[in-house]
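Input: a single structure, listed below in structure tokens.
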Amino acid sequence: MSRYFDHKVVWITGASSGIGEALVNELAAKSSAKLILSSRNKEQLYVVAKKAGLDASRFAILPLDLEDYKKMPDIATEAIETFGKIDILINNAGLSQRSLAMETDIEVDKRLMDVDFLGTVALTKAVLPYMIRDNGGQIAVVTSLMGVFGAPMRSSYAAAKHALHGFFDALRAELYTKKILVTLICPGFIQTNISINAVTGDGSLQGTMDDATGKGMPPDVFAGKMLAAIEKKKNQAAIGGQEVMGTYLKRFFPGLLARIVRKAKVV
């Protein structure tokens with residue numbers, strides 16, 4: 001990592017575990033950035049900060065629940081009051097799904113959209129006026145390969161991630177003259193608890209680790225690659241193992257991808 005993140009204020013959602021925690025560790029060890037850590041679990045955020053070796057002057061804890069998206073303007077104001085600015089917002093928090101579309105309660109579909117799409121959009125909208133005020137900034141959004149193509153057991157999750165791509169691609173164009181960058185990050189299989197915490201058709205948690213997720217890329221490796229993509233100011237980056245080839249198949253050989261996905265139990 002170069003000095004790109006030095007002296008910047010970086011706000012990370014979903015920072016209490018997985019990719020978010022790995023990002024905190026990487027930035028704490030290899031930059032002088034000040035970090036705002038957010039998730040629903042306030043106590044665990046303090047644990048993450050302590051494990052990362054962050055000095056008290058370098059971090060702030062700001063709990064939030066993306067599902068309660070109407071509170072985002074107030075939370076953004078609190079974040080600004082902490083360090084005076086937000087240079088980089090990393091929208092990482094989210095919720096996954098493991099259920100067939102026909103067996104998924106509509107309220108579960110709605111929750112996935114509220115958390116994965118509307119919550120992220122609401123937080124971004126709340127931060128943007130401050131970035132415009134400061135004449136620049138960067139928004140990074142952790143979507144998924146499911147934001148590029150759909151797969152079984154992920155219908156509403158894929159819908160929410162596709163929505164993020166549509167929204168932030170449009171937003172990038174709108175902010176071109178405002179010196180605000182937008183980077184979409186599409187993870188493949190990463191060794192996190194995403195499948196354990198995924199919701200099933202009735203809203204309960206799956207509670208088990210998917211084989212592919214368990215064998216995926218370690219989160220610390222992913223975090224390094226993700227921060228490199230942010231530093232390079234990429235519009236979009238797919239990061240993972242061979243599963244990222246799906247993004248190229250979707251573009252150039254969609255029929256082949258459709259046949260592969262139809263046969264997949266978990267993608």
Side-chain angles (χ1 to χ4, degrees), residues 1-16 19-66 68-93 119-142 167-168 171-172 174-185 223 226-234:
M1 187 186 300
S2 73
R3 311 321 302 177
Y4 180 73
F5 296 94
D6 285 352
H7 312 300
K8 287 184 170 65
V9 176
V10 183
W11 188 358
I12 305 171
T13 68
S16 58
I19 290 171
E21 181 178 3
L23 290 169
V24 172
N25 291 337
E26 190 79 1
L27 288 167
K30 299 180 181 179
S31 80
S32 64
K34 292 183 178 180
L35 307 178
I36 300 176
L37 282 59
S38 290
S39 77
R40 292 181 301 170
N41 192 333
K42 181 178 180 179
E43 291 74 20
Q44 185 59 28
L45 290 172
Y46 280 105
V47 172
V48 168
K50 182 177 181 180
K51 286 184 177 179
L54 284 168
D55 181 85
S57 64
R58 280 192 62 194
F59 79 94
I61 301 299
L62 189 54
L64 64 77
D65 183 350
L66 287 178
D68 197 4
Y69 50 81
K70 292 184 179 179
K71 291 184 178 179
M72 295 307 155
D74 291 337
I75 294 173
T77 298
E78 187 175 348
I80 292 296
E81 290 173 349
T82 301
F83 290 124
K85 62 176 182 174
I86 303 295
D87 294 298
I88 302 174
L89 170 62
I90 299 181
N91 288 302
N92 168 66
T120 296
V121 167
L123 181 59
T124 299
K125 286 187 173 186
V127 169
L128 279 177
Y130 300 105
M131 288 187 172
I132 292 172
R133 177 200 69 183
D134 296 333
N135 199 35
Q138 188 167 7
I139 300 162
V141 187
V142 178
F167 179 87
F168 282 98
L171 185 66
R172 183 190 297 111
E174 292 177 1
L175 296 175
Y176 178 75
T177 61
K178 304 294 185 182
K179 300 180 181 178
I180 298 173
L181 306 170
V182 175
T183 298
L184 293 168
I185 303 292
M226 174 176 166
L227 291 172
I230 293 172
E231 181 178 345
K232 292 176 182 177
K233 304 175 182 178
K234 291 189 174 183

Could you please spell out the steps behind the side chain to side chain contact (heavy atoms under 4.5 Å, CB included) verdict for V9 and T82?
-> CA-CA 10 Å; V9 176; T82 301; over 6 Å; no
With T120, which residues qualify under side-chain hydrogen bond (donor to acceptor under 3.5 Å, both in side chains), at least two apart?
-> none
Could you tell me whether the side chain of K125 reaches within less than 4.5 Å of the side chain of Y69, counting heavy atoms only?
-> no
Does any donor atom in the side chain of D55 or S57 lie under 3.5 Å from an acceptor atom in the other side chain?
-> yes
Option from T124, L89, I185, L184 for which side-chain contact (heavy atoms from CB on, under 4.5 Å) with V141 holds | L184
Give, for atom CD1 of I139 and atom CD1 of I86, the distance between the pair rounded to the nearest 0.5 Å.
-> 11.5 Å
Passes side chain to side chain contact (heavy atoms under 4.5 Å, CB included), F59 versus V24? Steps please.
-> CA-CA 10 Å; F59 79 94; V24 172; over 6 Å; no
Sub-4.5 Å side-chain heavy-atom contact between I90 and I230 | yes
Find the distance between CG (N92) and CD (E21) and round it off to the nearest 0.5 Å.
-> 11.5 Å
Working to the nearest 0.5 Å, report the span between CG of L37 and CD of Q44.
-> 10.5 Å
Out of curiosity, R172 CZ to I180 CD1, how far, rounded to the nearest 0.5 Å?
-> 13.0 Å
Between A28 and A52 the two heavy atoms that sit nearest each other are CB-O, 3.7 Å
Provide the full list of salt bridge (charged side-chain N to carboxylate O under 4.0 Å, His left out) pairs with a residue in residues 70-86, sequence neighbours left out, each pair given once.
-> D68-K71, K85-D87
Is the backbone of L62 close enough, under 3.5 Å, to the side chain of S38 for a donor and an acceptor to pair up by distance?
-> yes
With the side chain counted from C-beta on, respond yes when M72 and L66 share a heavy-atom pair under 4.5 Å apart, and no when they do not.
-> yes
Mind running side chain to side chain contact (heavy atoms under 4.5 Å, CB included) on L64 and L123 for me, showing each step along the way?
-> CA-CA 10 Å; L64 64 77; L123 181 59; 4.3 Å; yes
Run the side chain to side chain contact (heavy atoms under 4.5 Å, CB included) check on E26 and F5 step by step: do they pass?
-> CA-CA 11 Å; E26 190 79 1; F5 296 94; over 6 Å; no
Between CG of N25 and CG of L54, what distance do you get to the nearest 0.5 Å?
-> 8.5 Å
D6 side-chain N/O to S32 backbone N/O, donor-acceptor pair under 3.5 Å = yes
Sidechain-backbone polar pair: R58 side chain, L35 backbone, donor-acceptor under 3.5 Å | no
Distance (rounded to the nearest 0.5 Å) between I61 CD1 and Y46 OH | 5.5 Å
Atom of A229, atom of T183 and distance for their closest heavy-atom approach = O-CG2, 4.4 Å
Residue pair T77 / Y130, side-chain donor-acceptor N/O under 3.5 Å | yes
So, the side chain of S39 versus the backbone of A15: is there a donor-acceptor pair under 3.5 Å, distance only?
-> no
